[in-house]
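To start, the structure itself, in structure tokens.
As the structure is a computational prediction, the values presented were derived from the model and not from experiment.
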Amino acid sequence: MKRYIYYILLFVSGYCTSCDDYLEVKTYGQVLPETTEDYATLIYTHLNNIETATSDKILGNFNDVLRFECFSDNLNASLMKTTSSYTPTYVGSYIASAIYRFNNLFQVVKDVNIVLDNMEDKESELGKKITAVAYTLRGILYYNMMRELCEPYDKQRANEIMGIPIVDHFDMEAKPGRGNIQVTADFIIDNLEKAIALNLTDDEYILTIDVAKAYLARTYFWIQNWEKTIAVAKELLEKYPLIEGEAYEAMIQSKPPFETKPGNMIVVSYGQGMISTAFNTRYATDTRRRPVSLEFAGLFKEKERDIRYAISFDKTFLNKKRLNMCIRGAEMCLMLAEGYAHLSDEENALLYLNKLREKRIKDYVPLAMNTLPPVDPSAMIKVDAEGKNLTPLMASILNERRKELYMEYDRWFELKRNGRPEFWVGYKGIKYETKKYLYTFPLWKQDLRVNPNLVQNEGYE
């Protein structure tokens with residue numbers, strides 16, 4: 001949206017606000033926006049960041065996606081050629097930087113709250129659009145923080161697991177505590193449902209009703225509400241059906257700028273700007289600093305018959321796939337397969353598993369319960385999201401997700417969601433171990449000093 005830059009430049013000279021210590025500082029004495037257009041500019045700034053992939057606070061950027069891929073088991077750190085700031089040896093190499101993610105995400109929450117608290121015009125066409133985007137944005141931000149800064153959801157301990165402080169308006173004196181993860185999840189759902197009710201369909205605003213529904217499906221999926229996951233994901237899959245062949249490859253390897261979302265993407269970052277040049281010079285090189293793990297490569301049993309085999313890595317097992325920050329129909333299909341599997345509906349779980357595989361594998365023969373591969377006892381993930389031992393059906397679904405969403409900001413969170421397995425890598429004679437607590441990032445000590453109601457995550461005390 002070219003007008004983003006125009007409005008941002010027009011407005012920035014008249015409005016400036018500090019983001020420091022957001023949880024305890026109110027913008028008293030500072031000039032708040034006056035018109036609906038002025039409030040819209042706060043939102044346009046973040047929409048522009050999504051389009052140009054210059055921020056990791058919302059959908060992610062290339063740096064962030066590559067780092068998180070390096071934290072997981074998809075790439076072989078032991079055979080790494082050289083390191084860079086974007087290819088850390090393991091997650092522990094990033095913890096010193098991760099402490100700022102909480103503060104950085106709340107900087108965006110601040111802008112959203114300014115709009116929702118103070119913009120009087122919520123009934124005009126522009127006012128409704130900005131309000132819908134603000135609610136969606138706040139839901140996404142809290143969803144991101146829940147995944148990164150909370151322990152994985154556990155139905156039995158949902159009222160015990162620490163959540164994210166709920167900051168939905170300004171209060172100079174407030175020092176909110178963390179509450180629990182169920183309160184956080186309910187807040188996310190409430191924001192997304194409010195956005196959905198406003199029915200924003202204008203793609204120019206990026207965070208449309210479909211994006212809100214996609215994050216609602218993701219939230220239900222994360223908190224193991226399989227029935228509601230299925231309901232929302234099924235609706236989206238019908239609107240964004242699976243594609244195959246050349247159309248699929250073109251979508252996966254799409255280069256900006258593009259005027260419309262490629263393929264069946266529900267939302268995508270990096271649509272505009274100079275990201276293509278940057279990717280080809282820096283990020284493409286960095287993705288090839290280490291080969292994919294042989295275990296990951298071995299998941300492609302059909303090899304060249306599976307279109308993802310050639311797209312993902314070359315004959316030397318070095319990456320070929322573009323880094324992607326998006327949500328697309330295939331993720332909804334995989335959610336459906338897993339949701340039905342958790343509900344013991346094997347027929348529908350197999351239906352959606354086969355739906356995806358038949359779009360990726362040439363001369364495909366559908367899997368049946370008696371032809372599913374056995375569970376690999378050496379695989380990293382050994383239990384599902386509910387802590388149950390993997391069945392051949394669940395293992396097949398998780399393996400399919402791993403192949404489909406490789407280099408798409410997913411695998412690290414799959415490890416976290418399914419048991420937080422501990423593992424280690426060796427590099428230049430040093431052993432680097434990913435312990436269970438490292439799946440949950442720490443809070444910044446400065447935040448803890450300022451707000452005594454905040455509690456540090458386990459392992460970082």
Point to revise | D210 side chain reached by Y240 side chain, heavy atoms, under 4.5 Å | key: yes

Check your understanding: Among L141, I164, D447, which one satisfies side-chain contact (heavy atoms from CB on, under 4.5 Å) with F106?
Key ->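 Exactly one option meets the side-chain contact (heavy atoms from CB on, under 4.5 Å) with F106, and it is I164.
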
Review point. Would R290 count as a cation-pi partner of F317, with NZ or CZ less than 6.0 Å from the six-membered ring centre and within 45° of the ring normal?
Key: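 Judged by the rule (NZ or CZ under 6.0 Å from the ring centre, within 45° of its axis), R290 is not positioned above F317.
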
Review point. Is the charged tip of R147 near the ring of F413: under 6.0 Å from the six-membered ring centre and within 45° of its axis?
Key: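 Cation-pi check for R147 and F413: passes.
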
Review point. Would W424 and Y432 count as a ring pair (Phe, Tyr, Trp, His ring centres under 6.0 Å) if you check the C-alpha gap in whole Å, the side-chain angles of each, and the deciding distance to 0.1 Å?
Key: CA-CA 5 Å; W424 65 271; Y432 298 92; 9.9 Å; no

Practice item. Verify the neighbour count for atom CD of E458: are there more than 12 heavy atoms of other residues, nucleotides or ligands below 6.0 Å? Key: no

Check your understanding: With L79, which residues qualify under side-chain contact (heavy atoms from CB on, under 4.5 Å), at least two apart?
Key ->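 Listed in chain order: N76, P291.
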
Exercise for review: Name the orientation class of the two ring planes belonging to F296 and Y406 (parallel below 30°, tilted from 30 to 60°, perpendicular beyond 60°).
Suggested key: tilted

Review point. Does the E422 side chain pair with the main chain of K436, one donor and one acceptor, at a distance under 3.5 Å?
Key: yes

Review point. Ignoring hydrogens and geometry, is there a side-chain-to-backbone donor-acceptor pair from D306 to E302 under 3.5 Å?
Key: no

Review point. Using the benzene-type ring in the case of Trp, are the ring centres of Y90 and Y427 under 6.0 Å apart?
Key: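 Ring centroids of Y90 and Y427 are no less than 6.0 Å from each other.
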
Check your understanding: Can you check whether W412 and F71 have ring centres sitting under 6.0 Å from each other?
Key ->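 Yes, close enough.
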
**Study point:** Candidate pair M80 and T89, rule side-chain contact (heavy atoms from CB on, under 4.5 Å), full reasoning
**Key:** CA-CA 8 Å; M80 182 162 45; T89 308; 4.0 Å; yes

Practice item. Name all residues meeting the side-chain hydrogen bond (donor to acceptor under 3.5 Å, both in side chains) criterion together with K355; count only those two or more places apart in sequence or in a different chain, and write none if there are none. Key: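 Not a single residue meets the side-chain hydrogen bond (donor to acceptor under 3.5 Å, both in side chains) criterion with K355.
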
